[in-house]
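Numbered from 1 within each chain, the chains take letters A, B, ... in sequence-line order.
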Number of protein chains: 4
Amino acid sequence: MPKVSEEHRRARRQEILGAAARCFARAGFHRTTIQDIAVESGLSPGLVYRYFADKDAVITAIAAQWHEDQAGLLRADGAVGDLVPGYLDLLRSLAAPAERERVRLGVQIWAEALRAPEVEAVARAGVDAPREVVARLVRVAQDRGELPAGLPPDGLARVFIAIYQGLALQTAWDAGLDNDAYVRAVEGLVSLLTS
Amino acid sequence: MPKVSEEHRRARRQEILGAAARCFARAGFHRTTIQDIAVESGLSPGLVYRYFADKDAVITAIAAQWHEDQAGLLRADGAVGDLVPGYLDLLRSLAAPAERERVRLGVQIWAEALRAPEVEAVARAGVDAPREVVARLVRVAQDRGELPAGLPPDGLARVFIAIYQGLALQTAWDAGLDNDAYVRAVEGLVSLLTS
Amino acid sequence: MPKVSEEHRRARRQEILGAAARCFARAGFHRTTIQDIAVESGLSPGLVYRYFADKDAVITAIAAQWHEDQAGLLRADGAVGDLVPGYLDLLRSLAAPAERERVRLGVQIWAEALRAPEVEAVARAGVDAPREVVARLVRVAQDRGELPAGLPPDGLARVFIAIYQGLALQTAWDAGLDNDAYVRAVEGLVSLLTS
Amino acid sequence: MPKVSEEHRRARRQEILGAAARCFARAGFHRTTIQDIAVESGLSPGLVYRYFADKDAVITAIAAQWHEDQAGLLRADGAVGDLVPGYLDLLRSLAAPAERERVRLGVQIWAEALRAPEVEAVARAGVDAPREVVARLVRVAQDRGELPAGLPPDGLARVFIAIYQGLALQTAWDAGLDNDAYVRAVEGLVSLLTS
DNA sequence: AATGAATGAGAATTCATTCAT
DNA sequence: GATGAATGAATTCTCATTCAT
């Protein structure tokens, strides 16, 4: 397994996934054909099958990569105090035109997770991990008296995730929404919590 | 079987939509065939086409009905004080096993709205209306000093919708999540806001 | 079998055939549905089946009626000398706007005769009868020395039928063709023959 | 089986058209299914759609090819004197068993031209061109005194086309008709004209 | 007799997948 | 490895026909 070849394989795989992501974001998983992906990537339909067992495997890989990238965005190892600015930035980032594709793809993945167990597994893992991180941080903050003790950490973590998911969804539908007003509302809520 | 009453037509349409909703909730719009709907409803494939122009029309009708039902759930004409318990009940209702189908259907509709302009129109209308209602109530409450004046009403309305949407999504994935903890977290947030 | 009822049946049958003729002339046999005929006639699809065994029977009846009407137009019992003006009038009549439907229908029947034995039988009978009449008249005229003796009567009869059929076809395609020039050319040919 | 030559594509297209022509001649355009064409050609239904957008496109291509072949048969660049033998040969050729398919196909195309604008365009072009050629030759012959001056050239051209069309139609219905008698009758007419 | 709702077999078309080159 | 031609099962949709009312 020569290094160059492995390198090449990875690059090819990424080309295909990139093309697939663009197609899926545009037309959804089920209105996108392998042919569409081939055209978008400049490769051939047959080649897709040397990198993925079938179309579902492409979808699953897209979902996995999406959550992987998401995990990258969420990486935060500090205290709640540090987490908050990062979270608000995450909300803000959803408004970026460059994120449009990602956001649309995310919504499609959420729906697909309901039917494809592999996608569900990937999506669940992608949501559970940050939820547990947040819940842990909430507990720490509550111990330190920085957050009200009465709130269930897990529930609160889910609420923050929901606030992100809901914004993503609303942005997917209406890219022109007032992201700033949204973030300021969230900021207001958070400052009430931490004051 | 000639000259059937308008009543009968409405009932037939509902039979088909009911069967379609069950199929769609289970397998998604695109893995459900017209044949599946026919079998589920105990009717024939041809009959579906006497009530709907094509499969997309069935999907759009399902989306329209979903948002109509949703509007029924949201009906609230009082002040914010009255709205809150209704909102919390709405969040609680998502945990009901009977709502499982509705919740799953909702997520599919969100994704479908990204590709089908007719579904988008329906979904947008279904979200815009309650958002404006909430935003108006927030403004009223701010005028009365019942809510902090600094928060953007529209942003806050979107946040509350997001908290609903996110819970719906997370419930669709994991029906066993701790709905009560979620609602208590939201309750805590709201009481911070209104105190 | 009361007379009124029989009368009524005949009238109903004609209503259906009239509607079918209009539909067929417009859209062809195979793009016309029983539903189309029902709408055009103001009756119901089911009723068509009380007058005709199936759609093919409607087509055959249309073909039969077409050739019957045609026979009416051709009725001529005189000598060739009398036949010629009638023939030329027949050619002229093809240009009449009122004949448009008949002409279009005729072409469709010709094609249908190639696939439906019942239509073929009807069409063949409708063409053979006048052909034999003409051939007989040609023979008589040849005996009298009014027509050149060398020409095969049957061949000549077929040629005259062809001159009619070809004009019908060309008129079906292009209702604006110069019918008068055509008839004058035929007239010239005929006068060469009979002089 | 990648990157196939243009030659191969042309051949494949012809295979499909050949099979389609056989099916259409036998059963008509509308009783022939794509499946029938696939079986007749030994190919798959899907492949038909790599060469033709839909069934109507196959029909149009068949019509176009029919008229193209027809144009090949009509090619004549001489004077009327040269044209006549060619024309008579054309009439004779209709009796050849090998022409049976072509003749039947022609009649179907005539009918189809009444409903499919694309077929109409093709048919009209296929008839207009030879008509103008003949009309021009008639004019030349009249100038030279080889044909009676009084006859309208365009009308006469249409009559000759009608004599061809009518023979084709009658041959389609009855392959056993006396082609020789027909041709002798036409020959007689023509010699009267040119004498 | 008449209606038109309902059926379901059949046809066109698509597209994931294979495999010869 | 790559290609893209070829396949054929699956799906949508149509429409002739039936039959309960």
Practice item. Compare the minimum distances between each of E:dA16, E:dA6, F:dA2 and the side chain of A:R12, then state the nucleotide with the smallest one. Key: F:dA2
Review point. Could you give the distance from OH (B:Y49) to NZ (B:K55), rounded to the nearest 0.5 Å?
Key: 8.5 Å
Check your understanding: Which pairs pass salt bridge (Lys or Arg N to Asp or Glu O under 4.0 Å) with one or both residues in residues 38-49 of chain B, sequence neighbours excluded?
Key -> B:R22-B:E40, B:R26-B:E40
Study note, to complete from the structure: For C:A64, the side chain to side chain contact (heavy atoms under 4.5 Å, CB included) test, sequence neighbours excluded, returns C:V122
Exercise for review: Ignoring the backbone of D:H8, work out which of F:dT12, E:dA16, F:dA6 is nearest its side chain.
Suggested key: F:dA6
Practice item. Enumerate the residues from residues 19-46 of chain C whose closest heavy atom to DNA chain E is under 4.0 Å, giving them by residue number; use none for an empty result. Key: C:S44, C:P45, C:G46
Check your understanding: Can you list the steps and then say if D:F29 with D:I109 is a side-chain contact (heavy atoms from CB on, under 4.5 Å)?
Key -> CA-CA 9 Å; D:F29 294 126; D:I109 291 168; 3.9 Å; yes
Check your understanding: Are D:E112 and D:H30 close enough that a side-chain donor and a side-chain acceptor fall under 3.5 Å?
Key -> yes
Practice item. Could you summarise the pairing of DNA chain F as dot-bracket text, marking Watson-Crick and G-U pairs under 3.5 Å with ( ) or [ ] inside the strand and | across strands? Key: .||||||||||||||||||||
Check your understanding: In whole Å, what is the span from the CG atom of D:L47 to the C1' atom of E:dT14?
Key -> 14 Å
Practice item. Give the C-alpha distance, both sets of side-chain angles, the deciding distance and a yes or no for side chain to side chain donor-acceptor pair (under 3.5 Å) between A:Q108 and B:R115. Key: CA-CA 10 Å; A:Q108 321 251 22; B:R115 318 191 308 63; 5.8 Å; no
Practice item. Verify the contact: side-chain N or O of C:R50 to OP1 or OP2 of E:dA1, cut-off strictly under 4.0 Å; return yes or no. Key: yes
Practice item. Check the pair A:F52, A:L17 against side-chain contact (heavy atoms from CB on, under 4.5 Å), reporting the backbone distance first and the verdict last. Key: CA-CA 10 Å; A:F52 300 94; A:L17 285 180; 3.6 Å; yes
**Study point:** Qualifying residues under ring-ring contact (aromatic ring centres under 6.0 Å, His included), relative to C:H67, sequence neighbours excluded
**Key:** none
Exercise for review: Starting from C1' on E:dA11, measure out to CG on D:D56 and report it in whole angstrom.
Suggested key: 13 Å
Check your understanding: For A:F52, which contact category applies under a 4.0 Å heavy-atom criterion: base, sugar-phosphate, or nothing?
Key -> nothing
**Study point:** Spacing of D:Y49 atom OH relative to E:dA16 atom C1', expressed in whole Å
**Key:** 18 Å
Review point. A:R13 has an atom CZ; how far is it from atom P of F:dG1, in whole Å?
Key: 14 Å
Review point. Rounding to a whole Å, what distance do you find between B:D54:CG and F:dC13:C1'?
Key: 9 Å
Check your understanding: What is the distance from CD1 of C:I59 to P of F:dT17, rounded to the nearest Å?
Key -> 10 Å
Check your understanding: A:R9 has a side chain; which of F:dG1, F:dA16, E:dA12 sits nearest to it?
Key -> F:dG1
Check your understanding: Residues in salt bridge (charged side-chain N to carboxylate O under 4.0 Å, His left out) with C:E15, at least two apart?
Key -> C:R12
Point to revise | D:Y51 OH - E:dT14 P separation (whole Å) | key: 17 Å
